[in-house]
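Sequence lines set the chain letters: A, B, ... in the order given, protein chains first and strands last, and positions in each chain run from 1. The figures that follow rest on heavy atoms only: side chains count, while hydrogens, waters and symmetry mates do not. Predicted, not measured: the structure shown is a model, and the values here were computed from it.
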There are 2 protein chains.
Amino acid sequence: MVIGALAEADGPRSAAELSRAIGESVPLSSLYRSLAVLEEVGVLAPHYSSPGLTRYELAEWLSGHHHHLVCIGCGRVQDLEADDAIERRLQEIVADVARAASFAELNHALEIEGHCARCA
Amino acid sequence: MVIGALAEADGPRSAAELSRAIGESVPLSSLYRSLAVLEEVGVLAPHYSSPGLTRYELAEWLSGHHHHLVCIGCGRVQDLEADDAIERRLQEIVADVARAASFAELNHALEIEGHCARCA
DNA sequence: TACTCGAATGAGAATCATTAGCAAAAGGAG
DNA sequence: CTCCTTTTGCTAATGATTCTCATTCGAGTA
């Protein structure tokens with residue numbers, strides 16, 4: 001149910017939001033347990049963008065590589081896929097920059113802050 | 001004292017870390033109050049990268065624009081400035097991508113995950 | 001110098017998301 | 001059907017952060 005709910009979502013979701021999405025029938029302790037397991041096995045990826053709460057999304061091998069638009073107005077995080085040409089240019093930049101800091105890059109994401117269409 | 005400690009740091013710091021840095025003399029309630037005020041007036045910027053805790057850094061108008069290297073091993077976040085040429089290319093990409101999503105960009109940061117030199 | 005009153009402080013209680021503990025319920029092999 | 005292991009759901013515990021409130025400070029005033 002968690003995976004289904006996240007597959008329908010357009011961005012990361014918190015435990016509370018997921019609980020609502022799947023109908024409150026699952027006790028929170030079970031939900032948190034499932035989230036922990038799914039994260040551990042690499043199906044979910046945590047995302048932190050608001051104080052004191054963790055949102056989850058499908059790992060990129062399931063959802064595809066993407067970036068995040070974080071709305072300062074409503075706090076929502078929206079996924080965004082860039083087209084290949086842009087992604088290629090970005091990957092170059094990331095590689096350059098990580099190499100310069102002798103940092104072993106495993107993944108990257110562009111976090112863009114601003115106002116979403118609704119909050120503009 | 002908070003600003004001084006953050007000016008010396010090479011990345012965002014949590015309330016607990018700051019408390020240690022300034023010698024535990026300031027009560028936590030005061031420290032949190034100061035952090036809230038400094039954030040509100042735009043001197044500090046919060047950063048979220050670990051579950052359940054907020055780290056602060058100097059706002060970009062004080063520290064300069066930069067990106068983040070997030071170490072999966074130790075959880076540390078390190079600041080990283082890119083040189084102008086790279087930054088220019090990156091800014092183009094961000095503008096493209098935000099426009100495509102009709103999102104009003106105010107700021108962006110590249111979050112690079114991987115292993116830092118120590119945790120490699 | 002003493003007085004007044006609003007703002008700042010500190011200690012501790014309260015809150016919220018999350019985690020841990022544990023007894024009861026399920027599942028599965030024999 | 002029985003025994004044993006795993007999973008569940010409820011509740012209490014935890015940890016970071018925020019709130020409350022009585023106290024202290026300080027600037028301005030007589």
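- Of the inter-residue distances, the one linking B:Ser63 atom OG with B:Glu81 atom CD reads 7.5 Å to the nearest 0.5 angstrom.
- At whole-Å resolution of the value, CG in A:Leu31 and C1' in C:dC16 are 16 Å apart.
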Find every protein N or O atom lying less than 3.5 Å from an N or O atom of nucleotides 4-6 of chain D, and list the pairs.
none

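- One end of the helix from C:dT1-D:dA30 to C:dG30-D:dC1 points its axis 10° away from the other end's axis, with each axis taken from 5 pairs and the angle rounded to 10°.
- The minimum heavy-atom distance linking A:Leu58 with A:Ala7 is given by the pair CD1-CA, 4.0 Å.
- With rounding to the nearest 0.5 Å, the separation of CZ in B:Arg55 from OG in B:Ser50 is 3.5 Å.
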Are there any protein N/O atoms within less than 3.5 Å of an N/O atom in nucleotides 10-17 of chain D, and if so, which ones and at what distance?
from, atom 1, to, atom 2, distance (Å)
D:dC10, N4, A:Ser29, OG, 3.4
D:dA16, O3', B:Gly52, O, 3.3
D:dT17, OP1, B:Thr54, N, 2.7
D:dT17, OP2, B:Tyr32, OH, 2.4
D:dT17, O5', B:Tyr32, OH, 3.3

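- Annotation: the span from B:Ser14 atom OG to B:Leu35 atom CG amounts to 9.5 Å, rounded to 0.5 Å.
- For the salt bridge (charged side-chain N to carboxylate O under 4.0 Å, His left out) test, no residue two or more places apart in sequence or in another chain qualifies with A:Arg33.
- Nucleotide C:dT9 holds its P atom 13 Å from the CG atom of B:Leu35, rounded to whole Å.
- B:Ser30 places no side-chain N or O within 3.5 Å of a backbone atom of B:Val26 that could act as its donor or acceptor partner.
- Listed by chain and number, the residues in a ring pair (Phe, Tyr, Trp, His ring centres under 6.0 Å) with B:His65 are B:His67, B:His108 (sequence neighbours excluded).
- Atom CD1 of A:Ile72 sits about 4.5 Å away from atom CG of B:Leu106, to the nearest 0.5 Å.
- The hydrophobic cluster analysis finds A:Val37 isolated: no Ile, Leu, Val, Met, Phe, Trp or Tyr side chain comes under 4.5 Å of it, directly or through other members.
- Rounded to a whole Å, the CD atom of A:Glu17 is 10 Å from the P atom of C:dT18.
- Checked for salt-bridge contact, B:Glu105 and B:Arg99 miss the test: no charged N lies under 4.0 Å from a carboxylate O.
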